[in-house]
Amino acid sequence: MTFDSVSWLEQARALIGPAHVLSEAGGDDVSAHTRDWRGKFQGRALAVLRPGSTAEVQALVRLAARSGVALVPQGGNTGLCGASVPTADGLQAVLQLGRLNRVREIDAENNTATVEAGCILQTLQEQAAAAGRLFPLSLGAEGSCQIGGNIATNAGGVQVLRYGNMRELVLGLEVVLPDGECLDLLRGLRKDNTGYDLKQLFIGAEGTLGIITAATVKLFAAPGAQAVAFAGVSSIAQAVRLLGALRGHLGERFTAFELISGPAVALVRQYFPETPAPLSGDWPWYVLMEAADGGSDEVLREALQTALMACLEDGCLEDVALAGNLAQAQTLWTLRENITHAQQLDGSNIKHDVSLPISRIAGFVEQMLAQLPQAFAGARPIVYGHLGDGNLHFNVSAPPGVAPDAWQRQTEAVNQLLHDAVVALRGSISAEHGIGQLKRDEMALYKTAAELAVMRRIKQALDPQGLMNPGKVL
Ligand code: FAD
Ligand code: 2HG
Ligand code: ZN
């Protein structure tokens, strides 16, 4: 029997209303939903479906299951692994969650929020703040990424050091399973040992096991005080010593520790010329760090300054500047958050998102900085990331004069150099961005046969028709 797309679109329109079913065939511009943030993956969609409730998601999933149409869940489409866009055959439908965007409840006493999957991360942060609470997940795309996407990628960001990644922030989930049934796991409990912890399956699954429609997440006391500093260090080994020393000095108040290479700072200042030089001298590496607590800014700033002076005396840093106020702190954070944009503006780069035991990172980076130029003349490493979590973005920009396409064709060879070294050190080739289409084949190279077999069995058990984001992860 041939597939009748006209009748399928009619059925979808009947379920969620004609205004919420977009299609190229119907003359709609769906380009924002078929191309990933980097412009690396261009797909085509049978339709872009925009349900407005969990019941509508269920109805669409049942329609898809009846007709054998694959669904690609999509949040803010800011993912960096091509997981949120359809393949090129035009047979998959994008399930865009953006209309499910309510914060259903903030339970201040329980320190939890129950929020729909399509809620923008920044909106949740703001609503938590209005209730005197903190939702701590924080990343450069927070103005457009959505909670469902954050959960499906197990997002990290810049406060993992203190609060953990998304997995550690999720207490409960509501998920529409591939057969359309709604699995209600929306419990705001910090202790619950009643059998398998099913919600964990969907966190980090990149939409391959079901559609997340809502979540109950942890909130924290809003920190009244924040102190930010920017240090210059002569090596990553020195930065690692600084990290250890600050852990001792600051304890629970220590919220962020971001490593930024000299070339990364230079790139941001080139493309965002309003960015001030963070320190008077130039250093090969810099660290952006933050502390927060419930006291006053002045007291916290003084505590951070005392700690940093002790670190300077102990040879854990070379130079340091403390932000004197919120505006200066924000300027330093903007520098950090603009690195991805600066690299994007600069042209083609091959991204890496690796994690290693912190004790092995300095050796790994030195080894790579020595080997890369030998293997790829002129390649420009732009290294930065969440050193406090053992997670670095070892991105490699194209050598001057090399065309973007030609550089992208080197991806496999560059990846092999880096990822073989990472795996030899028992690290991971994807610390926070996920697998998607970008790293699917590579993941299969590095995982054991036993790991892959268990993953496939889970996929088969939950999604026997293979309609949830096929072609991604596995
Ligand atoms: P999308 O890109 O839309 O989707 C990502 C994946 O989740 C896809 O597999 C999709 O199918 C699935 N999905 C989306 N919604 C659902 C749902 N409701 N149910 C089931 N599956 C779903 N990431 C970090 O971890 N740390 C960072 O510091 C960071 N910084 C970034 C900075 C910039 C400038 C950019 C562009 C990206 C950054 N990212 C970072 C990557 C990205 O923002 C995160 O992966 C984010 O969590 C994706 O959310 P999204 O809503 O855009 O998801
Ligand atoms: C970050 O830490 C993000 O800024 C994006 O994870 C990293 O663009 C990148 O490679
Ligand atoms: Zn990151």
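Positions are given from 1, in the same order as the sequence printed here.
Annotation for Pro284 and Pro263: closest pair O-CD, 4.5 Å, computed over non-hydrogen atoms. Here the closest heavy-atom approach between residue Gln408 and residue Ser348 is recorded as NE2-OG, 2.7 Å. Taking every heavy atom of both residues into account, Leu369 and Pro373 meet most closely at O-CD, 3.1 Å. Between Val473 and Ala205, the closest heavy-atom pair is CG2-O, 4.2 Å. Residues Thr255 and Ala292 share a closest heavy-atom pair of CG2-CB, 3.9 Å. Residues Gln92 and Pro470 come closest through the heavy atom pair NE2-CG, 3.5 Å.
Side-chain atoms of Asp197 and Gln200 form a donor-acceptor pair, as typed in the model, at a separation below 3.5 Å. Checked by atom type, the side-chain pair Arg38/Gln344 shows no donor-acceptor distance below 3.5 Å. With no hydrogens or angles considered, a side-chain donor-acceptor pair links Gln238 and Glu318 at under 3.5 Å. Counted by atom type alone, His33 and Gln96 present zero donor-acceptor pairs between their side chains at under 3.5 Å. No side-chain donor from either of Lys40 and Gln437 sits under 3.5 Å from a side-chain acceptor of the other. Residues Asp346 and Tyr271 bring a donor and an acceptor atom of their side chains to less than 3.5 Å of each other. Using modelled atom types and a 3.5 Å distance limit, the side chains of Glu432 and Asn154 yield no donor-acceptor pair.
Remark: Arg104 engages Glu174 in a salt bridge, criterion side-chain N to carboxylate O under 4.0 Å. The pair Lys472-Glu206 fails the salt-bridge criterion, with no side-chain N (NZ, NE, NH1 or NH2) lying under 4.0 Å from an Asp/Glu carboxylate O. Between Asp314 and Arg241 there is no salt bridge, since no side-chain N of the basic residue sits under 4.0 Å from a carboxylate O of the acidic one. Looking at Asp353 and Lys351, no side-chain N of the basic residue comes within less than 4.0 Å of a carboxylate O on the acidic one, giving no salt bridge.
Within 6.0 Å of CD in Glu126 there are more than 12 heavy atoms belonging to other residues, nucleotides or ligands. Heavy atoms of other residues, nucleotides or ligands lying less than 6.0 angstrom from CD of Glu302 number 12 at most. The neighbour count for Arg190 CZ, taken as heavy atoms of other residues, nucleotides or ligands under 6.0 Å away, is above 12. Crowding of Glu252 atom CD: a count of heavy atoms from other residues, nucleotides or ligands under 6.0 Å not exceeding 12. No more than 12 heavy atoms of other residues, nucleotides or ligands shown are found within 6.0 angstrom of CD on Glu313. Heavy atoms from other residues, nucleotides or ligands lying under 6.0 Å from CD of Gln270 number more than 12.
A distance-only check finds a donor-acceptor pair linking the side chain of Gln328 to the backbone of Gly324 [under 3.5 Å]. Asn395 contributes a side-chain N or O that, together with a main-chain N or O of His352, makes up a donor-acceptor pair within less than 3.5 Å. In this structure a side-chain-to-backbone donor-acceptor pair under 3.5 Å is missing from Arg50 to Gly98. Of the possible donor and acceptor atoms, none in the side chain of Arg440 sits under 3.5 Å from a partner among the backbone N and O of Ile435. Checked by atom type and distance alone, the side chain of Thr331 pairs as donor or acceptor with a backbone atom of Ala327 at under 3.5 Å. For the pair Arg426 (side chain) and Leu356 (backbone), a donor-acceptor distance under 3.5 Å is absent. Side-chain atoms of Lys459 come within 3.5 Å of backbone N or O of Thr208 as a donor-acceptor pair. Between the Arg44 side chain and the Ala88 main chain, no donor and acceptor come within less than 3.5 Å of each other. With hydrogens and angles ignored, the 3.5 Å screen pairs a side-chain donor or acceptor of Arg380 with a backbone N or O of Ala398. One N or O on the side chain of Arg133 and one on the backbone of Ala108 form a donor-acceptor pair closer than 3.5 Å.
Val365 has its side chain within reach of Phe394: a pair of non-hydrogen atoms, C-beta onward, lies under 4.5 Å apart. Using a 4.5 Å cut-off on side-chain heavy atoms (C-beta onward), Glu290 and Arg162 make no contact. Considering only heavy atoms from C-beta on, Ile211 comes within 4.5 Å of Met468 through its side chain. The closest side-chain heavy-atom distance from Leu95 to Val72 is not below 4.5 Å. Residues Asp420 and Tyr446 are in side-chain contact: their nearest non-hydrogen atoms beyond the backbone lie under 4.5 Å apart. Between Thr340 and Gln343, the closest side-chain pair of non-hydrogen atoms is not below 4.5 Å. Between Leu308 and Met289, the closest side-chain pair of non-hydrogen atoms falls below 4.5 Å. At least one side-chain heavy atom of Trp285 sits under 4.5 Å from a side-chain heavy atom of Val383.
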side-chain hydrogen bond (donor to acceptor under 3.5 Å, both in side chains) assessment of Ser84 paired with Asn77: CA-CA 6 Å; Ser84 54; Asn77 197 16; 2.7 Å; yes
Evaluation steps, side chain to side chain contact (heavy atoms under 4.5 Å, CB included), between Val396 and Ile382: CA-CA 6 Å; Val396 190; Ile382 300 293; over 6 Å; no
Test side chain to side chain contact (heavy atoms under 4.5 Å, CB included) applied to Phe41 and Leu438, step by step: CA-CA 9 Å; Phe41 296 96; Leu438 185 71; 4.0 Å; yes
Side chain to side chain contact (heavy atoms under 4.5 Å, CB included) between Lys447 and Met455, intermediate numbers included: CA-CA 10 Å; Lys447 288 238 180 242; Met455 285 172 79; 4.3 Å; yes
Trace of the side chain to side chain contact (heavy atoms under 4.5 Å, CB included) decision for Thr114 with Leu186: CA-CA 8 Å; Thr114 297; Leu186 273 184; 4.1 Å; yes
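How far CG of Leu169 is from OG1 of Thr216: 13.0 Å, rounded to the nearest 0.5 Å. Considering CG of Asn469 and CG of Leu474, their distance stands at 11.0 Å, rounded to 0.5 Å. Rounded to the nearest 0.5 angstrom, Asp389 CG and Leu243 CG are separated by 9.0 Å. How far CD of Glu105 is from CG of Asn110: 8.5 Å, rounded to the nearest 0.5 Å. Between Cys119 atom SG and Leu97 atom CG the span is 12.0 Å, to the nearest 0.5 Å. Rounding to the nearest 0.5 Å gives a distance of 13.0 Å between CD of Gln159 and CG of Asn165.
Taking the ring-ring contact (aromatic ring centres under 6.0 Å, His included) definition, one finds that Phe230 meets it with Tyr286, sequence neighbours left out. Residues passing the ring-ring contact (aromatic ring centres under 6.0 Å, His included) test with Trp333: none are found, sequence neighbours excluded.
In summary, of the residues considered (Leu161, Val158, Ile339), a side chain to side chain contact (heavy atoms under 4.5 Å, CB included) with Glu258 occurs for Val158 alone.
Below 30°, between 30° and 60°, or above 60°: for Tyr384 and His393 the angle between ring planes is between 30° and 60°, a tilted geometry.
Checked against a 6.0 Å centroid threshold, the rings of His341 and Trp37 count as neighbours.
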